[in-house]
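These notes concern the structure reproduced below.
Throughout, residue positions are numbered sequentially from 1 according to the sequence presented. Bear in mind the structure is a predicted one, so any value in this text is a computation, not a measurement.
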Amino acid sequence: MAELHFFTGTMDSGKSTLALQTNHNHAARGRAGRIFTAHDRAGEATLSSRLGLTHEAIEVQADFDFWRYVVDSLTRGGRIDYLVCDEAQFYTSLQVEQLAKVVDELQVDVFAFGILTDFRTSLFPGSARLVELADRTHVLQVEALCWCGKRATHNARTEDGVMVLEGDVVVVGDVEGDATPVPGGPGDAGEPEVAYEVLCRQHHRRRLTAARARAVSLGVDPLPFG
C-alpha cells in the first residue's frame with residue numbers, strides 16, 4: 001500500500017540530502033519517480049543539498065495541481081511509482097491534500113520533506129497539513145546545532161545581522177548565508193541583507209544569535225535580552 005511520508009527537521013538537518021538519497025534508492029530499484037521543489041536556495045526547478053548535490057526538479061508554483069499532473073502523466077502512458085517533494089513547507093494546504101489523494105486513489109508513494117515552523121516559530125500551512133494527513137511523520141535524526149552546542153529547534157532570520165520576528169514568510173536563503181528575495185518581498189533592491197541561523201529555543205527567545213553572543217562577550221552589545 002502506498003503511503004504519504006513527511007520528513008521534518010530544522011534548517012541544516014539534512015532534509016534535501018535525504019530527499020536526494022530517497023530518490024536514488026528507489027530509482028536504483030527500477031522505480032519511476034518525479035522530484036518536486038519550491039523556492040530552493042539554488043534557484044528554480046532545482047533540488048539542492050548543502051553537501052553540493054543537485055538534481056533537476058519540477059518547480060511547484062502556488063497554482064500547481066499534483067493530482068492533475070499525475071493523472072495526466074499516467075493517462076499519456078507515463079509511469080509514476082513515487083513522488084519526492086522537497087521544501088514542502090511552501091506548498092499550500094490544498095496541494096498537500098492533492099498529494100494525499102494521489103497516495104490513496106492512485107497508489108503512488110509520496111515522500112515530502114520540509115521544516116515545521118518559520119522564523120516567527122509559527123507552523124507553515126503546508127507543514128501543518130502534512131502533520132495532519134501523513135501516514136508517517138519522521139523527525140530527522142541528524143541534529144542541527146545552535147551556536148551554544150545544544151540541539152537547534154528554531155529557525156531564525158537576521159537582517160543586516162540582527163534577528164527579526166516580522167516580515168514576509170517566504171524569503172529564500174541559506175543558513176549563515178545570503179538570501180534570495182522572493183519578488184516583492186524583503187531583500188529586494190534597497191532592503192537589508194537577509195540570512196538564516198538555527199538556534200535552540202532559549203537563544204531564539206532571547207534573540208541571541210552567534211554574532212550577538214560574540215558582541216555580548218566583548219561588551220559591545222547595546223540591546224537588552226528578550
Exercise. Do you reckon Leu106 sits in the same ILVMFWY cluster as Tyr82, going by side-chain contacts under 4.5 Å, direct or chained?
Worked result: no
Problem set entry | Pairwise side-chain contact, His55 with Asn23, heavy-atom cut-off 4.5 Å (strictly under) | yes
Problem set entry | Asp81 side chain vs Ala32 backbone, donor-acceptor pair below 3.5 Å | yes
Exercise. Looking at side-chain heavy atoms only, is the closest gap between Tyr69 and Val71 below 4.5 Å?
Worked result: no
For this session: Please state whether the rings of Phe66 and Phe64 are parallel, tilted or perpendicular, taking 30° and 60° as the class boundaries.
Result: perpendicular
Exercise. Are Met11 and Val169 connected, step by step, through hydrophobic side chains (Ile, Leu, Val, Met, Phe, Trp, Tyr) whose heavy atoms are closer than 4.5 Å?
Worked result: yes
For this session: Group every Ile, Leu, Val, Met, Phe, Trp and Tyr by side-chain heavy-atom contacts under 4.5 Å, then state whether Tyr196 and Val164 land in the same group.
Result: no
For this session: Determine whether Ile35 and Glu56 make a side-chain contact, defined as any pair of heavy atoms from C-beta on separated by less than 4.5 Å.
Result: no
Exercise. If you draw a 6.0 Å radius around CD in Glu166, do more than 12 non-hydrogen atoms from other residues or ligands fall strictly inside?
Worked result: no
For this session: State whether the side chain of Gln95 and the backbone N or O of Gly126 hold a donor-acceptor pair below 3.5 Å, judged by distance alone.
Result: no
For this session: Consider only side-chain heavy atoms of I, L, V, M, F, W and Y, link residues closer than 4.5 Å, and tell whether Val110 and Val131 are in one cluster.
Result: yes
Exercise. Taking Glu87 for the side chain and Ala38 for the main chain, is one N or O donor matched with an acceptor at less than 3.5 Å?
Worked result: no
Problem set entry | Asp86 (side chain) donor-acceptor with Ala19 (main chain) under 3.5 angstrom | no
For this session: Kindly indicate whether the side chain of Glu105, heavy atoms from C-beta on, has any atom under 4.5 Å from the side chain of Trp67.
Result: yes
Seminar exercise, completed: Between the OG1 atom in Thr158 and the CD atom in Glu193, the distance rounded to the nearest 0.5 Å is 8.0 Å
Problem set entry | Whether Glu197 side chain and Ala210 backbone form a donor-acceptor pair below 3.5 Å | yes
For this session: Measure from the side-chain N and O atoms of Thr8 to the backbone N and O of Gly114, and report whether any donor-acceptor pair falls under 3.5 Å.
Result: yes
Exercise. When the ring centroid of Phe111 is compared with that of His26, is the distance short of 6.0 Å?
Worked result: yes
Exercise. Is there a donor-acceptor pair closer than 3.5 Å between any side-chain N or O of Lys15 and the backbone N or O of Thr10?
Worked result: yes
Problem set entry | Close side-chain approach of Ser16 to Phe113, heavy-atom, < 4.5 Å | no
For this session: Report whether Val103 and Val108 are members of the same hydrophobic cluster (ILVMFWY, side-chain heavy atoms less than 4.5 Å apart, transitive linking).
Result: yes
Exercise. Between His138 and Phe7, what is the ring plane arrangement, given parallel below 30°, perpendicular above 60°, and tilted in between?
Worked result: parallel
For this session: Evaluate the side-chain proximity of His5 to Arg136: yes if any heavy-atom separation is below 4.5 Å, no if none is.
Result: yes
For this session: Return the set of residues passing ring pair (Phe, Tyr, Trp, His ring centres under 6.0 Å) with Phe6 (not counting sequence neighbours), or none when no residue passes.
Result: none
Problem set entry | Main-chain N/O of Ser48 paired to Asp40 side chain as donor or acceptor, under 3.5 Å | yes
Exercise. Is there a donor-acceptor pair under 3.5 Å between the side chain of His203 and the backbone N or O of Ala213?
Worked result: no
Exercise. Under 4.5 Å between any side-chain heavy atoms of Leu123 and Gln89, yes or no?
Worked result: no
Exercise. For the atom pair CZ (Arg214) and CZ (Arg212), what is the distance rounded to the nearest 0.5 Å?
Worked result: 13.5 Å
Problem set entry | pair Val60-Phe90: side-chain heavy atoms closer than 4.5 Å | no
Problem set entry | Minimum-distance pair of heavy atoms, taken over all atoms of Ala152 and Cys146 | CB-N, 3.7 Å
For this session: Might you work through the salt bridge (charged side-chain N to carboxylate O under 4.0 Å, His left out) test for Asp109 and Arg31, ending with a clear yes or no?
Result: CA-CA 11 Å; Asp109 285 309; Arg31 304 191 80 204; 3.2 Å; yes
Problem set entry | Donor-acceptor under 3.5 Å (Asp135 side chain, Glu3 main chain) | no
